[in-house]
Chemist: 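Sharing a structure below in structure tokens format, with a few things to ask.
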Amino acid sequence: MASSPDPSLSRRERERRRRRQAMLDAARAVFAEEGYADATLDEIAERAEFGKGTLYNYFEGGKEELFLAVFDEASQELEGLIRTVFHASPGGRPLRDTVHEFVVRYFEMVRDQQDLFLVLVKEIHTIAFSDETERVEFFERQQERVLGTLVPVLREAMDQAEIRRLSPTLVANVLFTSLRSMGTHHILEGNHAPTNGPAGAVRPLDNPDRAADALTTILFDGLAVGDASSASA
């Protein structure tokens, strides 16, 4: 997603950034349509309206480097959403309400770029079980960066006794793992699911608000009915 040009930059640097962004936008589109494995640098170059040699001038690693740049850009967008929802929330707003808003806006974001989301998730799983140390470390850094944006908010809520004191990193991980899993399941399920599904079925991209209700209920209220201490083992 392109950002506004910095007027303090020279015209040459602005043009260079404009070209780089055009290449990234083209790569996002091609990866979303073809998947990472089937996408070609020729197709990305054609979509960006640059020669393949020009792409190599900006991304020496070719398709691999372009994909990592696309993933980095997607991580920045998620970070931006976290900052907008959590860090800009009015003081005194319950964390539950803020999490609910974030879940809604997350699923709206995924809904707008479902194909790319699925490609990114697939590559994350592929690389997680690979022996490509550099790529594994890259994705771990991306995850740590995103989680790290939310951790201070959760730690403050724990300090204020708004939520139980647990590992804030673990709580953030549970939230994002749940979001990614719900979004992936919905997309993979596709049109095979009936419109009038079973009672209680949640399709997060069709109804983000209902999905947010379900997820915040699980996170904040748990699964136990009544007094958890009275539940049998």
Side-chain angles (χ1 to χ4, degrees), residues 1-9 14 17-18 20-21 24-25 28 32 68-114 116-117 120-121 124 138-184 186-187 202-222:
M1 184 176 294
S3 57
S4 301
D6 186 343
S8 67
L9 298 174
R14 288 200 302 271
R17 293 194 179 192
R18 184 196 68 76
R20 185 179 188 278
Q21 187 61 52
L24 279 176
D25 291 343
R28 281 178 82 122
L68 297 182
V70 166
F71 192 92
D72 179 71
E73 190 174 57
S75 296
Q76 290 180 41
E77 290 171 12
L78 183 52
E79 279 185 275
L81 179 61
I82 294 169
R83 294 187 188 282
T84 297
V85 176
F86 287 95
H87 295 261
S89 293
R93 184 187 190 191
L95 179 64
R96 180 175 188 143
D97 292 348
T98 309
V99 170
H100 189 284
E101 180 189 347
F102 173 72
V103 173
V104 169
R105 295 180 64 171
Y106 174 90
F107 285 131
E108 289 174 343
M109 183 173 70
V110 171
R111 183 177 61 199
D112 292 340
Q113 44 188 335
Q114 295 182 39
L116 179 63
F117 170 81
L120 296 178
V121 169
I124 289 173
F138 170 82
F139 283 103
E140 287 177 346
R141 288 195 301 272
Q142 295 291 319
Q143 178 169 289
E144 289 170 3
R145 193 178 77 186
V146 171
L147 292 178
T149 311
L150 182 56
V151 162
V153 177
L154 297 174
R155 184 177 290 118
E156 181 178 356
M158 292 173 191
D159 291 342
Q160 298 297 324
E162 188 174 359
I163 57 175
R164 292 178 58 189
R165 186 170 293 282
L166 299 167
S167 163
T169 301
L170 174 61
V171 175
N173 220 331
V174 168
L175 173 60
F176 284 115
T177 300
S178 300
L179 291 171
R180 188 164 59 238
S181 177
M182 290 172 72
T184 302
H186 181 131
I187 296 171
V202 176
R203 289 177 56 77
L205 307 191
D206 291 340
N207 194 332
D209 196 69
R210 184 177 179 188
D213 286 343
L215 190 52
T216 51
T217 295
I218 293 171
L219 288 173
F220 286 85
D221 299 335

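Position 1 is the first residue of the sequence; numbering continues from there.
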Chemist: Between Glu101 and Thr84, is the side chain to side chain contact (heavy atoms under 4.5 Å, CB included) condition met? List the steps.
Modeler: CA-CA 11 Å; Glu101 180 189 347; Thr84 297; over 6 Å; no
Chemist: Side chains of Asp209 and His100, heavy atoms from C-beta outward: is any pair under 4.5 Å?
Modeler: yes
Chemist: Please report the interatomic distance CZ(Arg28) to CD(Glu73), rounded to the nearest 0.5 Å.
Modeler: 5.0 Å
Chemist: Which heavy atom of Thr217 sits nearest a heavy atom of Asp213, and at what distance?
Modeler: OG1-O, 2.7 Å
Chemist: Given side chains that start at C-beta, do those of Arg105 and Ile82 come closer than 4.5 Å, heavy atoms only?
Modeler: no
Chemist: Just how far is it from atom OG1 of Thr184 to atom CD of Gln114, taken to the nearest 0.5 Å?
Modeler: 11.0 Å
Chemist: Can you find a heavy atom in the side chain of Arg203 that is under 4.5 Å from one in the side chain of Arg210?
Modeler: no
Chemist: Show the numbers, then the answer: is there a side chain to side chain contact (heavy atoms under 4.5 Å, CB included) between Arg20 and Leu24?
Modeler: CA-CA 6 Å; Arg20 185 179 188 278; Leu24 279 176; 3.4 Å; yes
Chemist: Should the heavy atoms of other residues, nucleotides or ligands under 6.0 Å from CD of Glu162 be counted, would the total exceed 12?
Modeler: yes
Chemist: Is there side-chain contact between Ile187 and Val110, with heavy atoms separated by less than 4.5 Å?
Modeler: yes
Chemist: Which pair of heavy atoms, one from Ala211 and one from Met182, lies closest together, and at what distance?
Modeler: CB-CE, 4.0 Å
Chemist: Can the ring centroids of Tyr106 and Phe176 be said to lie less than 6.0 angstrom from one another?
Modeler: no
Chemist: For residues 174-184, which residue pairs qualify under salt bridge (Lys or Arg N to Asp or Glu O under 4.0 Å), counting only residues two or more places apart or in two chains?
Modeler: none
Chemist: Compare every heavy atom of Leu205 with every heavy atom of His186, then report the nearest pair and how far apart it is.
Modeler: ND1-N, 3.3 Å
Chemist: Determine, stepwise, if the pair Leu81 / Glu108 fulfils side chain to side chain contact (heavy atoms under 4.5 Å, CB included).
Modeler: CA-CA 11 Å; Leu81 179 61; Glu108 289 174 343; over 6 Å; no
Chemist: Where do Leu78 and Met109 come nearest, in terms of heavy atoms and distance?
Modeler: CD1-CE, 4.0 Å
Chemist: Applying side-chain contact (heavy atoms from CB on, under 4.5 Å), can you list everything that pairs with Arg141, at least two apart in sequence or on another chain?
Modeler: Glu137, Phe138
Chemist: Which pair of heavy atoms, one from Thr149 and one from Glu79, lies closest together, and at what distance?
Modeler: OG1-OE2, 3.4 Å
Chemist: CZ/Phe107 to CG/Leu179 distance, rounded to the nearest 0.5 angstrom?
Modeler: 5.0 Å
Chemist: Roughly how far apart are Arg155 CZ and Gln160 CD, rounded to 0.5 Å?
Modeler: 13.5 Å
Chemist: Looking at CG of Asp97 and CZ of Phe102, how far apart are the two atoms once the value is rounded to the nearest 0.5 Å?
Modeler: 15.5 Å
Chemist: Do Val171 and Leu219 have side-chain heavy atoms sitting under 4.5 Å apart?
Modeler: no
Chemist: Could you please spell out the steps behind the side chain to side chain contact (heavy atoms under 4.5 Å, CB included) verdict for Leu95 and Leu154?
Modeler: CA-CA 9 Å; Leu95 179 64; Leu154 297 174; 4.2 Å; yes
Chemist: Between atom CZ of Arg18 and atom CZ of Arg14, what is the distance when rounded to the nearest 0.5 Å?
Modeler: 12.0 Å
Chemist: Between Ser181 and Thr177, is there a donor-acceptor pair closer than 3.5 Å when you use the side chain of the first and the backbone of the second?
Modeler: no
Chemist: Do Val121 and Phe117 have side chains that get closer than 4.5 Å, going by heavy atoms?
Modeler: yes
Chemist: Measure across Ala212 and Thr216 and return the closest heavy-atom pair with its distance rounded to 0.1 Å.
Modeler: O-OG1, 2.6 Å
Chemist: Any side-chain heavy-atom pair from Arg145 and Gln142 closer than 4.5 angstrom?
Modeler: yes
Chemist: Just do the salt bridge (charged side-chain N to carboxylate O under 4.0 Å, His left out) check on Asp206 and Arg111 with the steps written out, would you?
Modeler: CA-CA 8 Å; Asp206 291 340; Arg111 183 177 61 199; over 6 Å; no
